[in-house]
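Lettering follows sequence order; numbering is per chain, from 1.
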Amino acid sequence: MSEKPSAFLSRRGGATTLCFAVLALIPPLAGWLHEPFLIRQFIQIMAMGLAAMSLDLILGYGGLVSFGHAAFVGLAGYTVGILDFHAGDGSLFLGLIPGTTNALIAWPAAIAVSMLAAALIGLVCTQAGGTVFFMLTLAFAQMVYYGFSGWTLYGSDEGLSMGGRSELPLLDISDNTNFYYFCFAVLLLCFLAMRAIVGSRFGMVLRGVRQNERRLAAVGVPTRPYRLAAFVIAGGFAGVAGILLANYQTFVSPGDLSWTRSGELISMVVLGGLGSLIGPVLGAAAYLLLRLVIGSYTTHWAVVFGPFLILVVLFARAGLFGFVVRGREV
Amino acid sequence: MLLVQQLLNGIQFGLMLFLMAAGLTLVFGIVNLINLAHGSLYMLGAFIGVSVQQWTGSYLWAVVLAIPATAIVGIAMEMSTLRTLYSRPRLDQVLCTFGLILFLNEIAKIIWGPASLRMKLPDFLNGTISFIPGLTYPTFRLAVIIAGLVVAGLLYVLITRTRIGMLIRAGASDRGMVAALGVDIKTLFTLVFGLGAALAGLAGIMAAPIYSVQVGMGDGIVILTLVVIVIGGIGSVRGALAASLLVGIVDTYARVLLPASVGQICIYVLMAGLLFVRPRGLLPANV
């Protein structure tokens with residue numbers, strides 16, 4: 001993508017800057033409109049957008065169709081939730097680990113859990129390519145789902161309510177506006193980090209995997225370690241999104257890691273534009289706002305969204321971001 | 001005795017999975033499409049069956065009418081959207097069929113409501129049968145086992161002994177060649193899809209009296225079906241049969257013998273282990 005003419009690059013950069021500028025202005029706008037609800041809605045959009053962005057790293061750049069991404073989002077969320085649960089009653093996780101509501105301990109732990117799970121699942125899944133990879137990610141995500149939906153201590157299907165948001169030093173994120181700007185900063189940092197990854201040599205190999213894996217292998221690049229590393233990195237960023245989501249909801253449930261949630265994430269990526277990182281955030285906004293708007297007319301919003309999704313896939317593959325910047329590869 | 005009953009339950013569940021897997025793997029083998037909405041056909045089969053039963057009062061009519069009805073829905077699905085997906089990248093297929101799931105689930109919710117429905121059984125299927133003293137087994141589950149075996153046998157004959165089966169096998173190994181030889185490949189694809197849909201509908205109508213009939217009932221089973229297909233070897237009907245029996249039996253025993261959260265994940269551990277040893281599945285297709 002870096003080979004494109006500079007006019008395209010600046011358009012792309014401009015659109016990205018515009019997205020972040022709009023996000024930064026939401027809280028004052030919400031105050032002006034007296035709609036504090038907007039702040040909560042956009043926290044959800046940013047958290048889901050980050051999850052979709054992390055999926056874009058492997059889906060859009062690596063061409064790895066993973067249908068189990070929600071598992072890594074949900075695992076981090078559950079880690080935060082479970083630590084909060086044990087902090088609440090002073091008991092020990094598996095009789096060993098004490099709970100905590102301290103973000104500085106709980107959040108790194110949550111990211112580590114997501115990355116570890118991604119490493120284990122990725123180890124099996126990256127052994128296969130293409131179709132089998134897709135089916136395996138789906139199956140393992142379902143395994144995680146069943147694991148939690150059968151775990152009675154943590155609420156089974158009902159889910160687990162948290163006592164409140166995690167506690168950060170210096171910043172009180174129980175306040176919605178504070179939490180909003182905190183999420184905004186996290187989203188921006190993660191975006192910059194992922195953009196750096198995509199632009200690095202590692203990112204070039206990753207794109208090569210999508211375009212022609214066999215040729216890459218022929219030039220002497222062993223592709224599997226790259227695919228696995230990308231899978232684990234994406235799992236880590238998904239974990240960050242899961243932390244934000246769990247703190248936004250102060251609640252985690254098996255629904256957060258179901259395969260339909262993974263399907264939603266893929267929908268967001270494609271709606272927004274594959275291989276653009278910021279596109280998936282636009283896709284998340286479009287998806288969640290569409291659901292809000294259609295949902296205000298009918299409870300059966302999926303009747304409209306299902307066919308809409310099919311039409312987008314069949315006729316508008318460039319997605320929203322592609323529409324904004326006009327003309328891209330992928 | 002309990003273990004023998006559970007073995008039969010496992011076989012019964014496995015054969016139901018096979019009905020699902022056979023359709024999915026045939027479609028995959030011949031048109032190279034992953035249809036996530038296969039589970040929706042299973043759901044529709046069950047719902048249509050319940051409606052027919054409420055209307056006619058007979059389970060047999062429900063079976064007789066729900067199967068072709070599901071096949072028609074499947075054919076409509078193929079002709080309207082799926083047909084354009086055959087040459088598309090995997091991601092497009094997955095997303096489009098995901099869109100279909102959302103749509104069909106919601107349609108089912110509008111028509112039949114969000115509450116789960118029950119299907120009643122006629123008296124001659126409702127009792128239990130005792131083979132030997134001390135071992136009794138529900139008649140209906142036994143009927144499901146027999147029906148599953150019969151269908152598996154018919155499928156075998158259809159694929160290996162008939163002209164259409166020959167075309168299906170030929171289409172799976174080289175689509176372009178079959179089309180070049182003057183076979184109407186489009187109609188053949190539609191037919192295969194209809195067959196798969198009919199099998200999914202049959203699985204749904206057989207599941208209806210055992211499990212509850214509700215929106216989203218196909219979402220879990222389609223994943224298990226994918227597991228079966230991966231274990232058996234993608235595109236292989238024989239592999240699907242072996243794998244579905246294995247999955248059905250292991251899953252049933254694991255749920256009975258192990259605590260809930262561990263029992264439900266046994267299948268996936270089994271899958272990971274098997275794939276480590278045999279990455280292409282138990283009985284990979286010859287193509």
Options B:Val94, B:Val230, B:Thr84, ranked by heavy-atom pairs under 4.5 Å with chain A, top entry: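 So the answer, after comparing B:Val94, B:Val230, B:Thr84, is B:Val94.
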Who among B:Leu85, B:Leu102, B:Leu224 has the most heavy-atom pairs with chain A under 4.5 Å?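 Answer, by heavy-atom pair count under 4.5 Å with chain A: B:Leu102.
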So what's closer than 4.5 Å to chain B heavy atoms on [X]: side chain, backbone, both or neither?
X: A:Ser258; value: neither
X: A:Ile121; value: neither
X: A:Phe67; value: side chain
X: A:Val65; value: side chain

Do the rings of A:Tyr78 and A:Phe148 sit parallel, tilted or perpendicular, given the 30° and 60° boundaries?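 Parallel: the ring planes of A:Tyr78 and A:Phe148 meet at under 30°.
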Can you tell me how the ring of A:Phe308 sits relative to the ring of A:Phe305, calling it parallel under 30°, perpendicular over 60° and tilted otherwise?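 Ring orientation, 0 to 90° scale: tilted.
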Among side-chain atoms of B:Arg255 and B:Asn9, is any donor-acceptor pair under 3.5 angstrom?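 There is no such pair between these side chains.
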Just wondering, do A:Arg224 and A:Leu123 contact through their side chains at under 4.5 Å, heavy atoms?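 They are in contact (side-chain heavy atoms under 4.5 Å apart), so the answer is yes.
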Sequence neighbours left out, what passes side-chain contact (heavy atoms from CB on, under 4.5 Å) with A:Val113? Give chain and number order.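 side-chain contact (heavy atoms from CB on, under 4.5 Å) list for A:Val113, sorted by chain: A:Leu75, A:Thr79.
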Between A:Leu309, A:Val313, A:Ile266, which residue shows the highest count of heavy-atom pairs closer than 4.5 Å to chain B?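 That would be A:Val313.
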